[in-house]
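Take a look at the structure set out below.
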Amino acid sequence: MRRAAFLAVVLIALVLRPAAAKPAASPCMSRIGQHVVLYSVSDDPQVFVFDTKIRLRDYHAASVDEMQEIAKHAWLVAPGTRAMIVTCEPGFVQSPYFSRPDDAIGVLLLTGSHRGHTGWVLGSDVRGVYHDIHR
Amino acid sequence: MTAFLVVVLYVAIQGSFQTRARISDTFSRQSTIERSQIELEELLRLEIDEQNSLRGYLLTRDPFYVEQYRAAAAGFDARIATIRRALQAQQLGTALQALDQYGALQVQWRKKIAMPLLAHPGTDITDLDKSNKIFSDYENEVVDSVRSDLADTSAALAASTKAQLIRSAYSRALWLFAFGLLAIVLNAFRTRLYRELEQEKNTTEVLQRAFRSEFVPLPNCDVGSAYLSAGSHVAVGGDVFDVYRLSDELALVLIADVSGKGVDAAVLTAFIKFTIRGIALRRREPGAILAEFNTAFAQTVENPYLFVSMFVGVLDTQTFQLRYASAGHDSAFVRRSTNEVQQLSVTGPVLGVMEEPFGTRTLNLEPGDTLVLATDGLTEARKRSGEQLREAGAMRLIERASEQPQLLADELAAQVRVLGGNRLRDDLAILAIRVLPGSGADA
């Protein structure tokens, strides 16, 4: 009887251990294939679309001069440009100025002069259904 | 105990004022930070005004927008200086640093973006768009940092105010509890003391009444007396007087005041009265009576702080010659039939202090003359102003008093009561002996 109880405890511990050790990750709020509109919340509503998610992240943690350099690898698209979400990295963009990490969103531009190109934008630059979910 | 109560009260009051000052200071800081938060939003509006005015000018070439741009820029500079001062006063280093960065960025934006465009409005703005966006993004991030710092500080101050209020409430309750508890203890202590004092006073008064003489009538003389006890909060004193017939002609006249109070003093008055009577039956010389009593007193009473002032007189009721000795007792007067009042001199030190001889004086009384003896309750009676009556004042009262000795004693006692506002600080004994007019040689 005692042995059975001991085995039960060990089994429960083994079952629970991986679940407890696994870090709690906040899920990405975007859905692949979702159609969205790009619009920046900063004073200038145009949106930078970066060629890599690394540059997107670095841009938001950089000084003004560094930003100038990094921005050479980005397109500036007009507010209201339509796009489709192709991928998402939850909490990838971290900055000393952000109160919490933001998502890096991979988009396929559907309108504007860069139509047909893909790039990376900040989670907070994405409007539409995505933004509604975020709120 | 009372001192501790006062300290508790002082600390409680002082603590309340300190808490009030601290909370007031925190409120003031919070208010300054809230104002800075509003100013910061206004600053952002001015920054956007600058950008929009620039865009307006590039699209229309209307100089009106240039004016708008300049006004917004001037407003921005003035506003940022105001916020800067507020942050400096509140010593918000991080926010101040970010604000300076924001100001520097705006200057940089004007130099790199705004000025070239204002100078050459025809320039293709596509090239400048990216730079403008970068400035905008960066400024936004910096302002977010200032905003967050101010919000954090404001929240911290609000929490601090709340904590101070809670602490103050608990602290006040604690001090009030301590004060109340002490007051209750003190009151109980005081009540007990008063009860004990009242019991002692009652005992003493019973003793004094028992020891006070029922005067035997003296030939050719009329005797009056009065006795007043001090207030209920003061222990009964050791005042004593006596008129005692030593023989058919001679009478002993005594008044004394024991320095202490309470039952001990009352018992001592009995000792004085009967000892003096005993000595006077053997010795007729008042100075000798005092000297013998002084020796007996020193041997009987062990308390070195007790002493007695005493007036002893031996009155011949036929010749009206008074031989007296006064051991430091200066409240002895004679009122002549002419209404002139004289003070009888002291002939030696108070009893119980030193071995000194006591002189004897002779005073020849005439019919109509009144001997007035009192204790220091008369001469040391205080007016409401605090001023003492002294000997001169006592003599004036005696001069104005009635001739009949009992009336005289009652009037003097009443005057003393009125002077002190019906509150007596000390007991008062008065003895008045008047040689009846038409008696003795006149008869």
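So that the names make sense, note that chain A is the first sequence line, chain B the second, and so on, each numbered from 1.
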Considering all heavy atoms, the nearest B:Ile134-A:Val64 contact: CG2-O, 4.1 Å
Can you check whether A:Ala71's main-chain N or O pairs, donor with acceptor, with B:Lys130's side chain at less than 3.5 Å? yes
For the atom pair OG (B:Ser131) and CG (A:Asp44), what is the distance rounded to the nearest 0.5 Å? 11.0 Å
Heavy-atom pairs under 4.5 Å with chain A: which of B:Val143, B:Asp144, B:Val142, B:Asn52 has the most? B:Val142
Of the backbone (N, CA, C, O) and the side chain (C-beta and beyond), which part of A:Asp65 lies under 4.5 Å from a heavy atom of chain B, both, or neither? side chain
Considering only heavy atoms, which portion of B:Gln51 lies under 4.5 Å from any heavy atom of chain A: side chain, backbone, both, or neither? side chain
Around B:Gln91, counting heavy atoms of other residues, nucleotides and ligands shown, do more than 12 lie under 6.0 Å from its CD? no
Nearest-0.5 Å distance, OG of residue A:Ser42 to OH of residue B:Tyr138: 14.5 Å
Counting only heavy atoms closer than 4.5 Å, note whether B:Arg55 contacts chain A via side chain, backbone, both or neither. side chain
Check this for me: B:Arg61, atom CZ, are more than 12 non-hydrogen atoms of other residues, nucleotides or ligands nearer than 6.0 Å? yes
Flag yes if more than 12 heavy atoms outside B:Arg190 fall under 6.0 Å of its CZ atom; otherwise flag no. no
Check whether more than 12 heavy atoms from other residues, nucleotides or ligands sit under 6.0 Å from atom CD of B:Glu39, and answer yes or no. yes
Can a donor-acceptor pair be found, under 3.5 Å and without considering hydrogens, that links the side chain of B:Lys133 to the backbone of A:Phe48? no
